[in-house]
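What you see is a predicted model, and the numbers here were worked out from it, not measured in a lab. Numbers restart at 1 for each chain; the letters A, B, ... are given by sequence-line order, proteins then strands. Values below: all heavy atoms of this structure, side chains included; hydrogens, waters and symmetry mates excluded.
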There are 2 protein chains.
Amino acid sequence: MELSDRKKRILRAVVEHYVETAEPVGSKTISSDPEINSSSATIRNEMAELESLGLLEQPHTSAGRIPTSMGYRIYVNELMKQHRLSVEETVRINNALKSKVQQLDNLLSVAGKLTAQLTSYPAYALTAASADTVITRYDFIFVDQSTFIIVIMLGNNIVKNKLVHLPFSIEREQLMKLSAVFNASFTGIPEESITTELIAATERSVGDKDGLVSIAAGFAIETLMSHRTRETFVSGTSKLFEHPEYRDIGRAQKLLSYLSDAETILQLPAPEKESGMKITIGAENLADELSDSSVVVARYDAGDDMQGLIGVVGPTRMDYPKVAARLSYIAKGLSWLFSGGSSPPELGDGDSGEKTHKILQGDE
Amino acid sequence: MELSDRKKRILRAVVEHYVETAEPVGSKTISSDPEINSSSATIRNEMAELESLGLLEQPHTSAGRIPTSMGYRIYVNELMKQHRLSVEETVRINNALKSKVQQLDNLLSVAGKLTAQLTSYPAYALTAASADTVITRYDFIFVDQSTFIIVIMLGNNIVKNKLVHLPFSIEREQLMKLSAVFNASFTGIPEESITTELIAATERSVGDKDGLVSIAAGFAIETLMSHRTRETFVSGTSKLFEHPEYRDIGRAQKLLSYLSDAETILQLPAPEKESGMKITIGAENLADELSDSSVVVARYDAGDDMQGLIGVVGPTRMDYPKVAARLSYIAKGLSWLFSGGSSPPELGDGDSGEKTHKILQGDE
DNA sequence: TTTAGCACTCAAACACCCTGAGTGCTAAAC
DNA sequence: GTTTAGCACTCAGGGTGTTTGAGTGCTAAA
């Protein structure tokens, strides 16, 4: 089913007016749109047809029309025009991200806050995770008789450490032995392979009676495990109130509680392979709590074939072109930073690369 | 000005009824309270006097009375009875905290969530910070020709690391030299002392042309700085909606935006020295955004003479005895964990140590 | 096929009344 | 002097009725 050109223009006009005003839009409003040259009566007929196609609906008989989820879907897939970021915006994003490259955790939290600010919707971010990360290197630093530091380096160049206090004293040599054996037998293996048998065998071969091997192995397991689970960041939840659809306490609460649970954040939509971005509208969301909200999410590259997510949640009445453009640009920025690139993507270039996302095909 | 015994009983009854029902309480309700044996007319006279003393107020003429901030203050200081935690609760707290001892960040975030859950108010937590933390030890780990790891240990036994990639190659010996000179000249000093002069001088003395000294010194400065600022955690913000005073979107939004800014969290009240806990009621709060809310906050000990905070924010109509008791117990638990104690405080003992807090003097 | 015109619908805003909880005051009782 | 019963009064909240106006669908003419 292909819509007539006029119907398309009307649908687009309805979506865009509604996004802007949050009020149902009537035939008169549309007829005064410069892109449309028909009387209100004609528009009414067209709108009635769009309604029977399931793309528009009326909150009540004597009100204007608002888009349905399906209406938004058509708009997003076929009708919306690309939004171009202003130079100031790209500069602002670049600066905000660059200033915080230091630490991964920090960076994502900053990116989330930035996203929330720029879109005025609550944002969420997930760290990249890959099940097959392994430890590539162990170091044991002798601090004093009863204290040492374990330093673990992972395949994706992340380094973790742990300070260990012992209730007994140790010798430098013990740590050196430990280091030799761990680097030989505990590198390049997944967490499941660090079995109690392996630990026991190692203890015997090193002659460790103090449990040093268990301590180190325990830390290795912990590190691998924590690295396998994604971390979640949610920011800008109070932005929700800026949008009239969340004037209703019940709706706001439902969404906010949903977002406050790290477990559920992990269930949020993610782009399919190949496409960098995904837009999920209203009832398209699996989660009940999101059935009257939309999610826009972009994927970023965190090197080593791992990918993270950054997205926003808001009402279905969302300025999809703007949100998509900003999110896309931020995701690109993150990918750059994680790839170790120093200069951000296409600095100052107004076109911010939405083209790469199939979902964003403008029709003109 | 000392209140008569009867007035005290009436004030307490009003506060407790109001806390429970969230409805203004009238003379009839009070007169049926078993602790009070007077007719409603007498109560009315007494309540009129309590009102002229500024302890009660009427939302409108034909309504019952509700406590003013000052009324709550008197209640908190003189009238409220100690709340005793149930054994289940203490067990639950102990378990939740114990299971997460691993990492400091994690622990506080868990403690915050737990607090929010137990009190049903949004909770905030601050890490301990001390301005005079210094670095006690540097280690440089050679990974390969162009890669090494810096490991820094701080006075409070926290260890940080950073992986450095270089665009040129280095030798093991360079790192050893670096290690010697950093451990000699860059330990035990505050961040301000790491001046560009010191760095330049060190570079000359080591013969470092590649900027390795700057890299390491930069990381040292960054670590000291980040450790000087407290980290903030806020959780359970959506709990706010469970309380009728935040049915009003405006109020909820005001408080939630306030809590979403890390800067302002740092400004929240803190207990005076000597007392472990502080209750700030309504207009007693400096911040405008909190003028119709209350804050209950407890201090925990993080060892090394450093202290952190954990607290909740909610309506002035708050069950202060319960909240105070729970918070106090959680703070004690945190202190224990940070002091390296393995067994939690007074496990299963119903009395949860509020006595130590001056602010919680029951009157019976 | 488009458009002007008209009768119709219905949410939102407003005015109005009623109800009942709670008050303050007075005068009698203790 | 203190307490209490009784009574007139107040006022928010809930319900009902009315008006208004934006927007519709349908019809008939262009």
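- Under the Watson-Crick or G-U wobble criterion, with both distances below 3.5 Å, C:dC14 is paired with D:dG17.
- Of the candidates C:dA4, C:dC25, D:dC11, the closest approach to any side-chain atom of A:A41 belongs to C:dA4.
- Nucleotide D:dA12 holds its P atom 6 Å from the NE2 atom of B:H60, rounded to whole Å.
- D:dT4 atom C1' lies 10 Å from atom CG of B:N45, rounded to whole Å.
- Regarding B:E51, its CD atom lies at a distance of 15 Å from the P atom of C:dG22, rounded to whole Å.
- Under 4.0 angstrom from either OP1 or OP2 of D:dC11 there lies no side-chain N or O belonging to B:S62.
- Put simply, CG on B:L50 is 16 Å from C1' on C:dG24, counting in whole angstrom units.
- Rounding to whole angstrom units, CE of residue A:M47 and P of D:dA22 are separated by 15 Å.
- Using a 4.0 Å cut-off, some side-chain N or O of B:T61 falls inside it from OP1 or OP2 of D:dC11.
- Both A:T42 and B:T29 sit near DNA chain C, but only A:T42 has its closest nucleotide nearer the 5' end.
- Mapping B:P59 and A:R44 onto DNA chain D by nearest heavy atom places B:P59 at the nucleotide closer to the 5' end.
- A salt bridge links A:R65 with A:E51: the closest approach of a Lys/Arg side-chain nitrogen to an acidic carboxylate oxygen falls below 4.0 angstrom.
- Evaluation of atom-type donor-acceptor distances gives no pair under 3.5 Å for the side chain of A:R65 against the base of D:dG25.
- Per the geometry, CG belonging to A:N37 stands 16 Å off C1' belonging to C:dT1, to the nearest Å.
- Remark: the B:R326 side chain and the B:T119 side chain contain no N/O donor-acceptor pair separated by less than 3.5 Å.
- The partner of D:dA29, taking Watson-Crick or G-U wobble pairs whose two distances both stay under 3.5 Å, is C:dT2.
- If you measure from atom CD of A:E57 to atom P of D:dG23, you get 17 Å, rounded to the nearest angstrom.
- Contact annotation for A:S40: no contact, since no heavy-atom pair falls under 4.0 Å across all strands.
- Ion pairing between A:E245 and A:R251 fails under the 4.0 Å rule for side-chain N and carboxylate O.
- Rounding to whole angstrom units, CD1 of residue B:I43 and P of D:dT3 are separated by 10 Å.
- Aromatic rings from A:Y320 and A:Y72 are positioned such that their centres are separated by under 6.0 Å.
- The partner of D:dC9 is C:dG22, judged by Watson-Crick or G-U wobble contacts that both fall below 3.5 Å.
- Between B:R9 and B:E35 there is no salt bridge, since none of the side-chain N atoms of the basic residue sits less than 4.0 Å from a carboxylate O of the acidic one.
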